[in-house]
Amino acid sequence: MKNTDLRSRQRSAKRAAQRSARGGARIAPAKRKLLFAMLVSGVAFLLIIGKLFDVSILNGKDWTEKAMRQWTRVTSLKAERGRILDRNGTVLASSYTTYQVCVNPQNIQVSDRERIAYILSTYLEMDYDTVYAKITKRRLKDLTADPNDPNAERVLLSQVKLKDQVDKEVISKLNSMQLGSGVSYYSDVKRDYPESGYYAQLIGFTNIDGDGQTGVELTYNKYLAGEDGYQKADTDRDNNPVPGGEEEYIESIPGADVVLTVDTGYQGILENALQEACLINNAKSAQGILIVPTTGEILAIGTYPTFDSSNPPRSDAKTLLELSKNRIVTDTYEPGSTFKVVTLASALESGAVTTATRFRCSGSLLVKGDRIKCWRSAGHGEETLAETVENSCNPAFMSMALKMGVDQFYDYIYKFGFDEPTGSGVMGETSGTVTHKKYIRDADLARIGFGQSISCTGMQLTMAFCASINGGELLKPYIVSEIVDKDGNTLLKNERTVVRRVISPGTSATIRSLLRGVVENGSGKNAQVPGYSVGGKTGTSQKYEDDGSVSSSKLIASFIGFAPVDDPQFVCLIVVDEPQVPQVYGSTVAAPFVQQVLSAALSYAGIAPDKESSIATVPDLRGLTVSQANEVLRNAGLTSVYLETELDSTVSNQAPAANTQVVRGSPVMLYSTGYTFFSELGEETEMVEVPDLIGKDRIDALDALKKAGLIMDYDTHQCAGTVSYQDITEGFKVPVGTVVHVQFQYNNSTE
């Protein structure tokens, strides 16, 4: 029995153990579920934290911007651009209010789209389909959706810009068309150039957004532009203003006014002279400057050809770039004989020569085995210093340079400001080339003495010239007088700035006297102004072909003059690039136009005459033969400049122009229908005889002229047969490079 009870208890204990084991198995899965749930929750929490980090930290800026675009409407308030004024307060550039036209597609009924599109396209002068497309333009409703998904839901845009710079009159018409809230207008500004016929290169222009692109508009853009403002308002999901929503208004700050040193009166005088100089001389371009030599203030500056600032040729970028250059500061060239003023001043100041020094010119100078010719092959003979300046004698100026030596002459060249920009403030200023003195041979130094083997800008030459005649101080030229903000505060002011003293006042007075002789007795007679003393210097320089060789037909003629001599008020430089006229001299191509500028400027400024002059009136010579014109000029007390080969040619133009008042005895340049070229280069071109071309075919005629160093011109459409006419008679002596015009006649016996 006991055994039975024992076994029974053992079985009961076993069953209890089994039940206990089964009960433990039921609890274990619950724990696992709890652990799993906790794990999933933890991962989800981490993912949420990660997403929040991504949204708020990593990409928070982008999401904020997207949200702001949905919640707010921001309207830019364009700042009014500052004005550009001349020294007298004449407005040269200003801005006036225009409007930006926008459409609000969400506010336009479907049935009204075509009517509104038609009205807007008509008054805004836009394409109808373009306007309609903007009225119906849509965007993704969900900004995060794939824009390439064709099934993505899209909604109409809240606002689309149609056109900028719409005039007030057009807006008034649109307002009368009952366009409702489907069209909005915002104020804008447009640039206006009241004196758009002048100042094109100096002032420049702006782009459609009102930012400066060239000229003063670009150089001083940070002052002119001002600071834009904005208007911000809360909107609902459809971008409509929320009643009582937060609004923010930041007013724009107008740009400052830039006051220039130029005077519109002087600018008109200069630009008219440049146009005439370019057209009469059939030149590539003409550039000039009028400046106050004692202060550095630029009164006028320009280049011809030019363009209309209000309507620049934007469609032709290359042409616009060329026309936008203010070549008096951007282009470098060999100054030729105008540089002799620098050589003269340096030689006098250094003591290398005195007013008593005499020279002898035999027509050339041998420099270390290199024979360098004078422009006058026959030479000038015995000369005083004054005569060498009046004659522009090359060997004399070579001697001055060689006597100073490389070190001393180069010191003066640098003191006069060459090889560095002047800092004028005119856009695009460059500096010329002064070869380092360690590479300079004696022959190079001699050529530098008369303006070859050195290059500069017109601005550099002008300032060196001013230093020579203003008492000896090199000044910094400037184009901006001051910059003033809308509250009247001066932000920038320029004044007379002395860079350094170069020569003494005594030397400067001597230079003025010698240059007066050039105009009264020498090659500068065409620059004489009735009633006023004038000094100056002519220059003719060579140009180079792309391969570096000296061009036989491309020249630069220039003249720089000042008046009155004892109290200089004006200095004027005019440079004529590649004139295509019978004779290329600075005295005939450029000097008459400097005379024109100085004469008008002295009168405009009300400066009293300082000398008595016998005055003559230039007659109208156009249509006469050269022979007839000579006779008319003699009777008027004037002389003429022409070529003997053109006596029977017809005068097509003249300089000075008809009815101009000049000093009696002044020369008048006759431009005829002939085209024989001659130039006053530093080294005169050899004279050669014109060969007989009559009866020769084109190839033989070309060979004959080429052998003589001459150029043949003919009608390429009528060049069969043999030469029947040549405009320069056989045996006549002309300079190498002269163009000979021929005509051909075809006959049946000629192939």
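Small disclaimer: the values here were computed from a predicted structure and weren't measured.
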Exercise. What is the distance from atom CG of Leu270 to atom SG of Cys572, rounded to the nearest 0.5 Å?
Worked result: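 Reported value, rounded in 0.5 Å steps: 6.0 Å.
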| request: Under the salt bridge (Lys or Arg N to Asp or Glu O under 4.0 Å) rule, collect the residues that match up with Lys284, sequence neighbours excluded. | output: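 Lys284: no salt bridge (Lys or Arg N to Asp or Glu O under 4.0 Å) contacts found.
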inquiry  = Tell me whether Glu297 is salt-bridged to Arg496, with the criterion being a basic N under 4.0 Å from an acidic carboxylate O.
reply    =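 Looking at Glu297 and Arg496, the cut-off is not met.
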My understanding is that only one of Ile291, Leu475, Thr294 makes a side-chain contact (heavy atoms from CB on, under 4.5 Å) with Cys466; could you say which?
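Between Cys466 and the candidates, side-chain contact (heavy atoms from CB on, under 4.5 Å) is satisfied uniquely by Ile291.
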| said: Checking Ser424 against Glu429: is there a side-chain donor and acceptor pair closer than 3.5 Å? | reply: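 Present: a donor and an acceptor within the cut-off.
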Verify the distance criterion only: is there a donor paired with an acceptor across the side chains of Ser184 and Asn104 at less than 3.5 Å?
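On atom types as modelled, these side chains qualify, holding a pair under 3.5 Å.
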* So, Tyr193 versus Glu217: side-chain donor-acceptor pair below 3.5 Å or not? ->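 On atom types as modelled, these side chains qualify, holding a pair under 3.5 Å.
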Rounded to the nearest 0.5 Å, how far apart are OH of Tyr96 and CG of Asp167?
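Taking OH in Tyr96 and CG in Asp167, the distance rounds to 5.0 Å.
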Distance alone, cut at 3.5 Å: any donor-acceptor contact between the side chains of Thr206 and Arg191?
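No, no side-chain donor-acceptor pair sits under 3.5 Å.
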> Is any side-chain N of the basic residue among Lys543 and Asp577 closer than 4.0 Å to the acidic one's carboxylate O?
Replying inline: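 Answer for the salt bridge query: yes.
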Check: Is the NZ atom of Lys486 crowded by more than 12 outside heavy atoms at less than 6.0 Å?
Finding: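 Counting neighbours around NZ of Lys486, more than 12 heavy atoms of other residues, nucleotides or ligands fall under 6.0 Å, so yes.
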For this session: Look at the side chain of Ser508 and the backbone N and O of Gly471, then say whether any donor-acceptor pair between them is shorter than 3.5 Å.
Result: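 Checking the backbone N and O of Gly471 against the side chain of Ser508, a donor-acceptor pair under 3.5 Å is found.
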- Query: Are a donor atom and an acceptor atom from the side chains of Ser431 and Asp419 found within less than 3.5 Å of each other?
  - Reply: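 No, because no side-chain N or O of Ser431 sits under 3.5 Å from a partner of the opposite role on Asp419.
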| query | Could you state the interatomic distance from CG (Leu323) to NZ (Lys318), rounded to the nearest 0.5 Å? | reply |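 These two atoms lie 12.0 Å from each other.
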_For the residue pair Asp86 / Thr264, report whether a side-chain donor-acceptor contact shorter than 3.5 Å exists._
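Yes - a donor-acceptor pair under 3.5 Å links their side chains.
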Would you please say whether a donor-acceptor pair under 3.5 Å links the side chains of Thr306 and Tyr199?
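No, no side-chain donor-acceptor pair sits under 3.5 Å.
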Can a side-chain donor-acceptor contact be found between Tyr304 and Gln287 if the only test is distance below 3.5 angstrom?
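No, no side-chain donor-acceptor pair sits under 3.5 Å.
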- Query: Does Gln460 use its side chain to pair, donor to acceptor, with the backbone of Thr457 at less than 3.5 Å?
  - Reply: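 Judged by distance alone, yes, a pair lies under 3.5 Å.
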ask   = Would you say the side-chain atoms of Gln213 and Asn207 include a donor-acceptor pair closer than 3.5 Å?
value =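 Checked: Gln213/Asn207 side chains show no N/O donor-acceptor pair below 3.5 Å.
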Is there a donor-acceptor contact under 3.5 Å from the side chain of Gln201 to the main chain of Thr303?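 Present.
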Is there a donor-acceptor pair closer than 3.5 Å between any side-chain N or O of Ser455 and the backbone N or O of Thr332?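 A pair under 3.5 Å: no.
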* Asked: Does Leu156 offer a backbone N or O that forms a donor-acceptor pair with the side chain of Gln106 under 3.5 Å?
  ->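 Indeed, once roles are kept as given, a pair shorter than 3.5 Å links the two residues.
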Q: Taking side chain to side chain contact (heavy atoms under 4.5 Å, CB included) as the test, write out the residues that go with Ala605, two or more places apart.
A: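 Testing Ala605 for side chain to side chain contact (heavy atoms under 4.5 Å, CB included), a comparison that skips the adjacent residues, returns Tyr266, Phe570, Ile607.
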Fill in: Pair Glu420 + Arg500: basic N to acidic O under 4.0 Å
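Yes, this pair counts.
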Flag yes if more than 12 heavy atoms outside Lys325 fall under 6.0 Å of its NZ atom; otherwise flag no.
->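 It does: Lys325 NZ has more than 12 such atoms within range.
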- Query: Any ion pair linking Glu322 and Arg327 (charged N to carboxylate O, less than 4.0 Å)?
  - Reply: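 A salt bridge is present here (some side-chain N lies under 4.0 Å from a carboxylate O).
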- Test item: Asp308 side-chain N/O and Pro312 main-chain N/O as donor-acceptor pair under 3.5 Å: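 Answer holds: no.
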**Item:** Pair Tyr604, Asp263: side-chain N/O donor-acceptor within cut-off below 3.5 Å
**Value:**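 The answer is yes; a qualifying pair exists.
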With Asp567, which residues qualify under side chain to side chain contact (heavy atoms under 4.5 Å, CB included), at least two apart?
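Per chain and number, Asp567 pairs via side chain to side chain contact (heavy atoms under 4.5 Å, CB included) with Gln569.
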Salt bridge check, Lys163 against Glu125: does any charged N sit closer than 4.0 Å to a carboxylate O?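 Salt bridge: no.
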Tell me if a side-chain donor or acceptor on Thr338 pairs with a main-chain N or O of Pro335 at a distance below 3.5 Å.
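Looks like yes, one N/O pair under 3.5 Å.
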Next on the checklist: Go through it in stages, so that I can follow the logic: the residues are Gln595 and Ile574, the test is side chain to side chain contact (heavy atoms under 4.5 Å, CB included), and I'd like the CA-CA distance, side-chain angles, deciding distance and then a yes or no.
Outcome noted: CA-CA 10 Å; Gln595 187 270 358; Ile574 287 182; over 6 Å; no
